[in-house]
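Treat the numbers as computed from the prediction; the structure is a model and nothing was measured. The chains referred to below are lettered A, B, ... by the order of the sequence lines, with proteins before strands, and numbering in each begins at 1.
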Amino acid sequence: MDMFMLSLTIFVLAIFVGVEIINKVPPTLHTPLMSGTNAISGIVVVGAIISSGGGGHTTTLSTVLGVTAIALATINIVAGFMVTDRMLSMFKKK
Amino acid sequence: MDMFMLSLTIFVLAIFVGVEIINKVPPTLHTPLMSGTNAISGIVVVGAIISSGGGGHTTTLSTVLGVTAIALATINIVAGFMVTDRMLSMFKKK
Amino acid sequence: MLTLINLGYLISAVLFIYGIKGMTTPKTAVRGNKLSAIAMLLAIIVAVIDHDVVRYEYIIVGLLIGSAIGAYMAKKVAMTDMPEMVAALNGVGGGASLLVAAANYLEVQKASTISLEAVQNLVPAVTDIAQMPMQWSIAVILSILIGAVTLTGSFVAVGKLKGKIGDATQIGLYKAIVKLSFLALIAGTVYFAMVSQLNSDLLILGMIVLCLILGVCLVMPIGGADMPVVVSLLNSYSGLAGAAAGFVLGNNGLIITGSLVGASGIILTSIMCKAMNRSLTNVLFGGSMAAKAGISKSENDAFYEGKIKSSSADELAMLLDGAQKVIFVPGYGLAVAQAQHATRELARMLEEKGCDVKYAIHPVAGRMPGHMNVLLAEAEVPYDQLVEMDTINPEFVTTDVAIVLGANDVVNPAASKDPASPIFGMPILDVQNARTVVVVKRGLAPGFAGIPNELFIRDNTLMVSGDAKKVLQDTITALKDL
Amino acid sequence: MLTLINLGYLISAVLFIYGIKGMTTPKTAVRGNKLSAIAMLLAIIVAVIDHDVVRYEYIIVGLLIGSAIGAYMAKKVAMTDMPEMVAALNGVGGGASLLVAAANYLEVQKASTISLEAVQNLVPAVTDIAQMPMQWSIAVILSILIGAVTLTGSFVAVGKLKGKIGDATQIGLYKAIVKLSFLALIAGTVYFAMVSQLNSDLLILGMIVLCLILGVCLVMPIGGADMPVVVSLLNSYSGLAGAAAGFVLGNNGLIITGSLVGASGIILTSIMCKAMNRSLTNVLFGGSMAAKAGISKSENDAFYEGKIKSSSADELAMLLDGAQKVIFVPGYGLAVAQAQHATRELARMLEEKGCDVKYAIHPVAGRMPGHMNVLLAEAEVPYDQLVEMDTINPEFVTTDVAIVLGANDVVNPAASKDPASPIFGMPILDVQNARTVVVVKRGLAPGFAGIPNELFIRDNTLMVSGDAKKVLQDTITALKDL
Ligand SMILES: NC(=O)c1ccc[n+]([C@@H]2O[C@H](COP(=O)([O-])OP(=O)(O)OC[C@H]3O[C@@H](n4cnc5c(N)ncnc54)[C@H](OP(=O)(O)O)[C@@H]3O)[C@@H](O)[C@H]2O)c1
Ligand SMILES: NC(=O)c1ccc[n+]([C@@H]2O[C@H](COP(=O)([O-])OP(=O)(O)OC[C@H]3O[C@@H](n4cnc5c(N)ncnc54)[C@H](OP(=O)(O)O)[C@@H]3O)[C@@H](O)[C@H]2O)c1
């Protein structure tokens, strides 16, 4: 089976999982959800790492871009998760 | 990425989708759900078709087994969906 | 072309997902089921036009025969025989899995004498013609195991559901056979996977026979009333077997669809176990509950001796005539008596008198999850009158008459009071809180759990003995004459 | 090894799923968020030990710099600045996406001068060194487009949320630029994909600049108050961009995780739109609501002229002293005034007097979904006191005092009465049903929708003008002195 179809299959299933789960998140938690998924979108860091650490095929420019990308994505991740954690730890039941 | 990992990924995601959806089915519909998914498990017919219709690599025995498998799976499918339909069409709101 | 085929399988899988999603409300369920059927049709069409399928005749013959038999069975079966029907279909599906695995083995064997390409056509992951990948060997054995166990296990379950096969006494013997079979199976699998993958005809045949026996021996020691759990579990397994076949054939449609079925079966199984407050291990390996807990007829009679307040259909009719609020509590006996239509008729009469009528549905009333719902739906009881346990329990206090129709264990107070009881911990319907409880059953025989029921000797309980349908019909007549 | 790496990505994806599942209840949310963080860590570790990564130094430098800045930002930000913070982080993430795509382009270019293997290392689907697959071209352009638009769009959104960028007037101009940019982009993409994939440095650079401009021009015409919708949509896009990168790199971890984020953003966006009873198209292309619907200062004054019953903190304190049941209705003004702690303090005092206190949370109160919840959680209001609209609405009838704190549109009866109103159809909180409504706001300025509010001139409404925090503190003092 070709790679594209496999990726598509995985994509479709992941969307289903996402929709099912997210729909269960109560409105109370929508702001943390937004900042939490925003942190998760920092997953592009994986692409950045693969791109910037490669073997002979990197150029100076690509490395600079890659490292900058890593730094930016990491800001997104670290700040995102920490901020979400700050918010969530405020939620208390009586 | 090797085939096995891809299949595993798809399997894992599909299980998540399944669990999320099935958990939402109300008890009222558990019997039809059981017979409906039972019909769906007749999907092995796909395997049977691929196995029994193959090119030069079939033997008489494998063809007989394959055709019997198709017949059995089709019983499961047809009876399963029809019975489920019969049950479901009885459910009426006041 | 290959991409199109795979797209077809993907679309079919997505349709299955939407089909099952449809099952989440009664309103969309009919459409959901149709969607699943369309998904199946699509999968079949895609499989038929798949690249390596050339002999259409055979396939079509198989499909036609299967459809004819299937349609006949579906038309014939009575609603009350649903548990048996599902079990039987499950067994048939298992048989198909088993045969697919066997055919695949034979074909790979043949193909390996032709060319690597021919083998890859069947098992895409192969790279060396002399060495099938480990996952193939395991998947073949798994398919055989699950298929064969499902086949024989389901038919034993059918026998037990019909009451034709009684609860086994020689549990130890079956357990010993199971253990030995598993040992032999493991040895066989190791030999098959490690030593000889393509020259093991006899070994495969032996394993098939062994697995068929295994299916019988696994299900025989389980109590007849636990069959729904067994069927649901086997259904889950057959889904997983489909997924395993998907791994071998590199077919994602099979993987996804199989997983959905697998998840559904597991969840239904765990719902049933939870509602009975028993673990799955206890159900499968604990032996028959009735056999263990059952009391002898004389003990049973002694329990009730002189404490029963008997009543009649006429008295019931009079009671109902003055009632403002009536709750029906259906149980397995309702299914046995096929009294759903009579129940509905009585309910309608009461409603016409301005009485508030509801039905209390216990999660494991009957012999299948949702059994009572289907039964009453057949009699056109609107599903919003069927109230779940947790919602209806507080309402019994304000109920004038609770009519228990062939239910027993699900209304047994011992579940909350007697830690020694086999059903201890199972939540029950609090019928005893109603002003008057009328229990309609044939005699004083225990229910599935084989224990006496204190409810029947309570002060506010009246027993009307007789077949549920008969009693209800008499009550209707009496009510008309009032 | 490759299998292990891929297993690592899969496990990380599963952890993300469980992490988001944790978000479904406040109790498990903290753990869920930690789980997601662990999943991210795992993904990073796996990526670092991935086969073709050799220069650890740079990677570690990037990670350290990013962590330091990120941690600093997270510690510094005030709870009330959350919307801006999320938007800014979103922009930063978009920038990363953009750079990843550019770096990937450069590397594939370099690799194509080395060997096919080198290219495959980067893009597994390649089979011919002279011809990159179409999906690669599209994914590169998509990543650039989404990344750049997210980057500049988010920062425009930050400016608008802070009020530093006002609502645009030259909407036509922006729209024209957007249309032209899209045409140019499509032409560029076609050229890139069809004609020259690996010698298009200038083209790529041009497209990046174009997309950055596009981001600005797409967001500028949207009203400032609609920024949360924009941010949520951009967040969804950045997830989808991640998934697109996954397609290119053949990385399922990216695909799954990106899809989860994409789904989350889309769902939140549609929840917001639904709660405002507007379509997404209307939000994105309808221009600023305030600009269209807004009435002039004089019209606004004329509307309220002589019909307002003014009151004071002292009077509010007296009212509250005698109240049995009080509902607080927080809105955007509460966030502006940072009055959450004062609110909580007043609520506690009332509770100590035996008064029943609740908070009515409208789904789009504030400027972000769940904005009020987070704000009040910061002041340690237990989340079971925060009641959703549909649940609280029937309770206003039995409420003595409803205190509207900096809310306006979400309590505007025009939403249900006046079909010409821009908020017509949006469900509102029925505060007017309370015995007395006290509205605390600075003056008579309209809210986000830019329309006057009939509630303020009702018979049972008292207006207390002033900053919400100030008024509440005065009320507390007055209540102590009573
Ligand atoms: N629903 C599920 O998914 C499921 C699955 C597995 C096990 N179970 C088990 O099944 C049991 C179900 O409880 P239940 O209360 O529904 O049934 P039950 O406890 O099995 O009792 C059924 C009663 O119906 C009476 N009966 C039989 N035929 C009758 C007829 N024709 N007319 C009137 N009465 C008749 C029997 O008494 P007489 O012979 O005296 O008439 C019997 O006591 C539970 O113990 C549950 O754990 C359920
Ligand atoms: N939550 C979301 O997800 C979301 C997303 C997009 C759009 N929106 C929109 O945002 C609006 C939210 O409605 P809302 O009722 O919460 O707010 P609103 O309608 O925007 O009204 C806020 C009011 O607070 C007052 N205010 C401002 N600063 C204040 C302070 N320091 N002290 C006291 N009052 C102050 C303002 O009046 P003064 O200037 O006279 O004090 C203003 O009228 C809705 O129209 C909604 O559609 C929400």
The interface call for C/Met23 against chain B, heavy-atom contacts under 4.5 Å, is both
**Asked** Would you say the side chain of C/Asn373 lies within less than 4.5 Å of the side chain of B/Thr31, judging by non-hydrogen atoms?
**Response** no
Whatever's closer than 4.5 Å to a heavy atom in chain B on C/Ala243 counts as side chain
Would one find more than 12 heavy atoms of other residues, nucleotides or ligands at under 6.0 Å from atom NZ of B/Lys24? yes
Value for OG1 (B/Thr59) from CD (C/Glu107), rounded to nearest 0.5 Å, stands at 7.0 Å
Donor-acceptor contact below 3.5 Å, side chain B/Ser41 vs main chain C/Ser238:
no
Chain C shares the most heavy-atom pairs under 4.5 Å, among B/Ala79, B/Gly80, B/Gly18, with B/Ala79
Heavy-atom nearest pair, B/Thr37 first then C/Val261, reads O-CG2, 3.6 Å
If you tally heavy-atom pairs under 4.5 Å between each of C/Val86, C/Leu376, C/Leu234 and chain B, the highest tally belongs to C/Val86
The interface call for C/Pro26 against chain B, heavy-atom contacts under 4.5 Å, is both
So, the part of C/Thr25 with a heavy atom under 4.5 Å from chain B: the answer is backbone
Honestly, the part of C/Met85 sitting under 4.5 Å from a heavy atom of chain B is side chain
Among B/Val64, B/Thr28, B/Ile15, the residue with the most heavy-atom pairs under 4.5 Å to chain C is B/Thr28
Turns out that what part of B/Phe4 lies under 4.5 Å from chain C's heavy atoms comes down to both
Assert top hit (heavy-atom pairs under 4.5 Å, partner chain B, pool C/Val77, C/Ile361, C/Ile266) equals C/Val77
Heaviest contributor of heavy-atom pairs below 4.5 Å to chain B, chosen from C/Thr113, C/Ile17, C/Ile44, C/Leu63, is C/Leu63
For C/Phe247 and B/Ser7, the nearest pair of non-hydrogen atoms, with its separation, is CE2-CB, 3.6 Å
| query | Are side-chain heavy atoms of C/Ile65 and B/Thr74 found at a separation under 4.5 Å? | reply | no
Rounded to the nearest 0.5 Å, the CD1 atom of C/Ile267 sits from the CD atom of B/Glu20 at a distance of 8.5 Å
Taking every heavy atom of B/Gly47 against every heavy atom of C/Val100, the minimum-distance pair comes out as C-CG1, 4.0 Å
**OP:** Decide side chain to side chain contact (heavy atoms under 4.5 Å, CB included) for C/Lys110 and B/Ser62; before the verdict, give the C-alpha distance in whole Å, the side-chain angles of both, and the deciding distance to 0.1 Å.
**Re:** CA-CA 10 Å; C/Lys110 177 82 178 292; B/Ser62 84; over 6 Å; no
Value for CG (B/Asn38) from CG (C/Asn235), rounded to nearest 0.5 Å, stands at 4.5 Å
| request: Would you check, one step at a time, whether the test side chain to side chain contact (heavy atoms under 4.5 Å, CB included) holds for C/Leu106 with B/Leu65? | output: CA-CA 10 Å; C/Leu106 287 174; B/Leu65 294 183; 3.8 Å; yes
Taking every heavy atom of C/Ala74 against every heavy atom of B/Arg86, the minimum-distance pair comes out as O-NH1, 2.8 Å
Would you say the side-chain atoms of B/Asp85 pair up with the backbone N or O of C/Asn33, donor to acceptor, closer than 3.5 Å? no
| task | Taking the side chain as every heavy atom from C-beta outward, state whether C/Met82 and B/Ser35 have any atom pair closer than 4.5 Å. | result | no
The interface call for B/Val45 against chain C, heavy-atom contacts under 4.5 Å, is side chain
OG1 of C/Thr24 to CG of B/Leu33, rounded to nearest 0.5 Å, is 10.0 Å
Checked B/Val83, B/Val25, B/Ile43, B/Val12 vs chain C; the most non-hydrogen pairs under 4.5 Å come from B/Ile43
CD1 (C/Ile271) and CD1 (B/Ile22) are apart, to the nearest 0.5 Å, by 9.5 Å
Applying a strict 4.5 Å limit to non-hydrogen atoms, the region of C/Leu240 in contact with chain B is side chain
Closest heavy-atom pair, B/Val44 versus C/Gly242, reported as atoms and distance to 0.1 Å, is CG1-CA, 4.0 Å
Chain B shares the most heavy-atom pairs under 4.5 Å, among C/Met73, C/Met372, C/Lys75, C/Gln109, with C/Lys75
Under 4.5 Å to a heavy atom of chain C? For B/Ala73 that would be both
Honestly, the part of C/Lys34 sitting under 4.5 Å from a heavy atom of chain B is side chain
Correct closest heavy-atom pair for B/Leu72 and C/Gly95 would be CD1-C, 4.0 Å
Note: vs chain B, highest number of non-hydrogen pairs under 4.5 angstrom among C/Ser259, C/Gly370, C/Gly93, C/Ala263 is C/Ser259
The interface call for C/Pro228 against chain B, heavy-atom contacts under 4.5 Å, is backbone
Rounded to the nearest 0.5 angstrom, the OH-CG distance for C/Tyr383 and B/Leu29 is 8.5 Å
- Decide if atom OH of C/Tyr237 counts as having more than 12 heavy atoms of other residues, nucleotides or ligands within a radius under 6.0 Å. no
Report task. Would you check if C/Ile256 and B/Phe11 make a side-chain contact, meaning some heavy-atom pair closer than 4.5 Å? Result -> no
Honestly, the part of C/Leu268 sitting under 4.5 Å from a heavy atom of chain B is side chain
Does any part of the side chain of B/Ile70, heavy atoms only, come nearer than 4.5 Å to the side chain of C/Tyr58, both counted from C-beta? no
Most contact-rich option vs chain C, by heavy-atom pairs under 4.5 angstrom, among B/Thr84, B/Leu61, B/Val17, is B/Thr84
**Asked** How about C/Leu260 and B/Ile40: do any of their side-chain heavy atoms sit closer than 4.5 Å?
**Response** no
C/Val374 side chain near B/His30 side chain, heavy-atom distance below 4.5 Å
no
Turns out that what part of C/Leu98 lies under 4.5 Å from chain B's heavy atoms comes down to neither
Note: vs chain B, highest number of non-hydrogen pairs under 4.5 angstrom among C/Asn90, C/Ile69, C/Val61, C/Leu386 is C/Asn90
If one checks every heavy atom of C/Glu388 against chain B at 4.5 Å, the contacting part turns out to be side chain
